[in-house]
J.: 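This structure is in structure tokens; I'll ask about it shortly.
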Amino acid sequence: MGDKKSADKIFEVEQKLLSNYSCEDADVTFRLYKILENRLANTKPEYIAKKIEFPLIHVLLDMEKTGVNINAFTLFELSKLMENELNSLVKKIYLNAGEEFNINSTQQLQQILFNKLKLNPIRKTKTGFSTDAQSLEQLRGEHPIIDLLSEYREIAKLKSTYVDALPKLMNPTTKRVHTTFNQTVASTGRLSSLNPNLQNIPVRGELGKEIRKAFIPKPNNVLICADYNQIELRIMASICKDPNLMFAFNNDIDIHTRTAELIFNLPSDRISPDMRRKAKEVNFGILYGIGAFGLKNRLQISQSQAKEIIDNYFITFPNVKLFMENMIVFAQQHGYSETILGRRRYLKNINSQNKTLRQFEERVAINMPIQGTAADMIKIAMINIFNEFNLRNLKSKMILQVHDELIFDTVKTEIEIVKEIVKDKMENALLLDVPIKASIGIGNNWLEAH
DNA sequence: CACTAGTGCAA
DNA sequence: TATTGCACTAGTG
């Protein structure tokens, strides 16, 4: 268990009781296994279990035991800078509000913004008016307090969640941070990470970058970071075999620029950065089953313009449209959605009369084969990399997985061989109908390596 | 202390 | 009304 409290509490139970409970737990599990193993025999889920999930346990154990080195000193210095900045912002915010209040309280903040300062609410939440970053962005220029709040939020978030929290989670013995990877919570087959979550370390913004810099290798080592390029779009291309998508990946063309060319019907030299950005949002949105309403909000355009973009997308990539429809029909008929390897996610509301529930699971039915196949693929790569490292007696260590990215604490003499093994195992974990590409970075901290 | 709500970080 | 997660603070019971 990753939860220290629940792990400790169990020893408060009387020993005889605990013993009986533990034996019963093992006994019932084993009896269930005897029944279920026959039902699982020669199925794809059995393959997932035996060839992926069970071998992966050893890999994850090794990663958790190894842990990650962080520079607590730089985080401590950063914390002091942030503290000063926050103090100064708090004073200015109180001055602009005309009173002192708890800035971290959304209730009190709503009172200040929408009652006292008479700003126009952007949108509602269950309990009142939203004060989130998007709403504040809309209110920019309406009052000087808005920019101060946005800056306060950013710094307060990063300070409490990362800068102050991470050093406290260093193991006193190893002086490293040991996350727990949860293998069984994400319904798509992804891993999750907790105590601390090392899969959501900031990377954007100046402060975010400073935090990434605090993740460092062992003394005299380097960090190597390997990430899949456009893995989910490649998987979708391979599943639906759309000619335009396949062509782009087979010829190593920038997919977002190519998408912009096709949906805006312009040559590549007339694609502006803003058009590429829009196409990128469309590409990601498609993977999640976005609609015109969602795209309108993301791109800050009219809904009719959003609809036109989406319509153009499906004219350009007709097999993507078919793929989406096919995934929904499969889920309706089988009651689950599955990855290329047959990892299942059951969808009990796929035929529901409730439109909201049904449409949600229709999007899930589209996303699961993509996100889940990417998860299967990187897990296979991890197992193969782990085995190859052991075979060659390498001292370098795989230390983190962030969904499409692997990080290695690497002995300098092993840099070339690690690069070679990692790239090969990642790119060849699953053979698809489009090439799979992984790019490798190296550095003295996570920011540099990424 | 357990729980929800709002918010925001990552892929 | 775009997917998957985890964690922080405030506030309630």
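By convention in this document, chain letters (A, B, ...) are assigned in the order of the sequence lines, proteins followed by strands, and residues within each chain are numbered from 1. Only a predicted model underlies this, so the values are computations on that prediction, with no experimental measurement involved.
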J.: Using OP1 and OP2 only, check whether a side-chain N or O of A:S160 sits under 4.0 Å from B:dC9.
T.: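 Indeed not, no polar side-chain atom of A:S160 lies that close.
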J.: Is A:K296 positioned over the aromatic face of A:F293, cation under 6.0 angstrom from the ring centre and no more than 45 degrees off axis?
T.: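 The answer is yes, since A:K296 meets both limits relative to A:F293.
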J.: Let me see the working for A:N229 and A:S439 under side-chain hydrogen bond (donor to acceptor under 3.5 Å, both in side chains), right down to the final yes or no.
T.: CA-CA 7 Å; A:N229 305 154; A:S439 49; 3.1 Å; yes
J.: I want to check one thing: is the phosphate of B:dT7, taken as OP1 and OP2, less than 4.0 Å away from some side-chain N or O of A:T106?
T.: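 It does not, given that no N or O in the side chain of A:T106 lies less than 4.0 Å from OP1 or OP2 of B:dT7.
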J.: How many whole angstroms separate atom CD1 of A:I103 from atom C1' of C:dG11?
T.: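 Interatomic distance, CD1 of A:I103 to C1' of C:dG11: 18 Å.
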J.: Would you indicate what A:A133 reaches in the nucleic acid, counting non-hydrogen atoms under 4.0 angstrom: base, sugar-phosphate, or nothing?
T.: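 Answer is sugar-phosphate: A:A133 comes under 4.0 Å of backbone atoms only.
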J.: How would you label the contact of A:E232 with the nucleic acid (heavy atoms, under 4.0 Å): base, sugar-phosphate, or nothing?
T.: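 The residue A:E232 makes no contact with any strand.
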J.: Taking 4.0 angstrom as the limit, do A:D252 and A:K437 come out as a salt bridge?
T.: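 No, this pair does not count.
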J.: Does the plane of the ring in A:F317 sit parallel, tilted or perpendicular to the ring in A:Y313? Use 30° and 60° as the thresholds.
T.: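 Taking A:Y313 first and then A:F317, their aromatic rings sit tilted (interplane angle of 30° to 60°).
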J.: Regarding A:E361 and A:K348, does a basic nitrogen lie under 4.0 Å from an acidic carboxylate oxygen?
T.: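 Looking at A:E361 and A:K348, the cut-off is not met.
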J.: Between P on C:dT12 and CG on A:N102, what's the gap in Å once rounded to a whole number?
T.: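 Whole-Å distance recorded here is 12 Å.
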J.: Can you check whether A:Q108 has a side-chain N or O nearer than 4.0 Å to OP1 or OP2 of C:dG11?
T.: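 Checking C:dG11 against A:Q108, a side-chain N or O does come within under 4.0 Å of OP1 or OP2.
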J.: Closest to the A:T125 side chain: B:dG6, C:dT4, B:dC9?
T.: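 Out of B:dG6, C:dT4, B:dC9, the nucleotide with an atom closest to A:T125's side chain is B:dG6.
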J.: Looking across every strand, which nucleic acid part, if any, lies under 4.0 Å from A:R363 by heavy atom: base, sugar-phosphate, or nothing?
T.: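 Sugar-phosphate contact only.
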J.: When the distance from CG of A:D164 to P of B:dC9 is rounded to whole Å, what number comes out?
T.: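 Those two atoms, CG and P, are 16 Å apart.
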J.: Which part of the nucleic acid, if any, lies within reach of A:E281 when heavy atoms closer than 4.0 Å are counted: base, sugar-phosphate only, or nothing?
T.: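 Here A:E281 touches the bases of the nucleic acid.
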J.: At under 4.0 Å, does any side-chain N or O of A:T127 touch on OP1 or OP2 of B:dA5?
T.: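 The answer is no; no side-chain N or O of A:T127 sits under 4.0 Å from OP1 or OP2.
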J.: Describe the nucleic acid contact of A:G285 in one word from base, sugar-phosphate, nothing, applying a heavy-atom distance below 4.0 Å.
T.: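 Here A:G285 touches the bases of the nucleic acid.
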J.: So A:H256 and A:F284, would you call those rings parallel, tilted or perpendicular, with 30° and 60° as cut-offs?
T.: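 Rings of A:H256 and A:F284: tilted, as their planes differ by 30° to 60°.
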J.: Under 4.0 Å: is that the gap between some side-chain N or O of A:N197 and OP1 or OP2 of C:dA7?
T.: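 Answer is no, no contact under 4.0 Å.
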J.: Indicate, with a heavy-atom threshold strictly under 4.0 Å, whether A:D227 touches base, sugar-phosphate, or nothing.
T.: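 Counting heavy atoms under 4.0 Å across all strands, no contact is made by A:D227.
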J.: Over 60° means perpendicular and under 30° means parallel, so classify the ring planes of A:F408 and A:F389, tilted if in between.
T.: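 Taking A:F408 first and then A:F389, their aromatic rings sit tilted (interplane angle of 30° to 60°).
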J.: Answer with base, sugar-phosphate or nothing: what part of the nucleic acid does A:T356 contact at a heavy-atom distance below 4.0 Å?
T.: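 Here A:T356 touches no strand at all.
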J.: Atom CG of A:L113 to atom P of B:dG6: distance rounded to whole Å?
T.: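 Roughly 16 Å, once rounded to whole Å.
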J.: For A:K157, answer base if it contacts any base atom (sugar-phosphate contacts may also be present), sugar-phosphate if it contacts only those atoms, and nothing otherwise; contact means non-hydrogen atoms under 4.0 Å.
T.: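 Base contact.
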J.: Can you measure A:N182 atom CG to C:dG5 atom C1' for me and round it to whole angstrom units?
T.: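 Distance check: A:N182 CG to C:dG5 C1' gives 10 Å.
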J.: Examine B:dT7: is either OP1 or OP2 under 4.0 Å from a nitrogen or oxygen in the side chain of A:S130? Give yes or no.
T.: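 A:S130 to B:dT7 OP1/OP2: side-chain N or O found under 4.0 Å.
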J.: Using a distance-only criterion (donor-acceptor N/O pair, under 3.5 Å, no hydrogens), is the base of B:dA10 paired with the side chain of A:R204?
T.: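 Side chain to base: no pair present.
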J.: Separation of A:K126 atom NZ from B:dT4 atom P, in whole Å?
T.: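 Spelled out: NZ on A:K126 to P on B:dT4 is 10 Å.
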J.: Can you see which heavy atom on A:R153 is nearest to which on A:D132, and at what distance?
T.: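 Nearest pair, atom of A:R153 first, then A:D132: NH1-CA, 4.0 Å.
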J.: Contact class for A:F284 vs. all strands (heavy atom < 4.0 Å): base, sugar-phosphate, or nothing?
T.: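 Touches a base.
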J.: C:dT3 base to A:Q371 side chain: any donor-acceptor pair below 3.5 Å?
T.: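 Side chain to base: pair present.
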J.: With the side chain of A:Q107 defined as its heavy atoms from C-beta on, choose the nearest nucleotide among B:dG6, C:dG11, B:dA11.
T.: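 When the side chain of A:Q107 is considered, C:dG11 is the closest of B:dG6, C:dG11, B:dA11.
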J.: Nearest to the side chain of A:S105, which nucleotide is it out of B:dA11, B:dG8, C:dA10?
T.: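 That would be C:dA10.
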J.: With a 4.5 Å cut-off on side-chain heavy atoms, are A:I112 and A:I93 touching?
T.: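 A side-chain contact under 4.5 Å is absent here.
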J.: Under 4.0 Å from OP1 or OP2 of C:dT4: is there any side-chain N or O of A:R345 that close?
T.: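 For C:dT4, OP1/OP2 do have a side-chain N/O of A:R345 under 4.0 Å.
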J.: In whole angstrom, what separates A:L191's CG from C:dT3's P?
T.: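 That distance rounds to 21 Å.
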J.: Rounded to whole angstrom units, what separation is found between the CG atom of A:N200 and the P atom of C:dG5?
T.: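 These atoms are roughly 14 Å apart.
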J.: Considering only heavy atoms, which members of residues 56-78 of chain A lie under 4.0 Å from some atom of DNA chain C?
T.: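 None - not one residue of the stretch has a heavy atom sitting under 4.0 Å from the strand.
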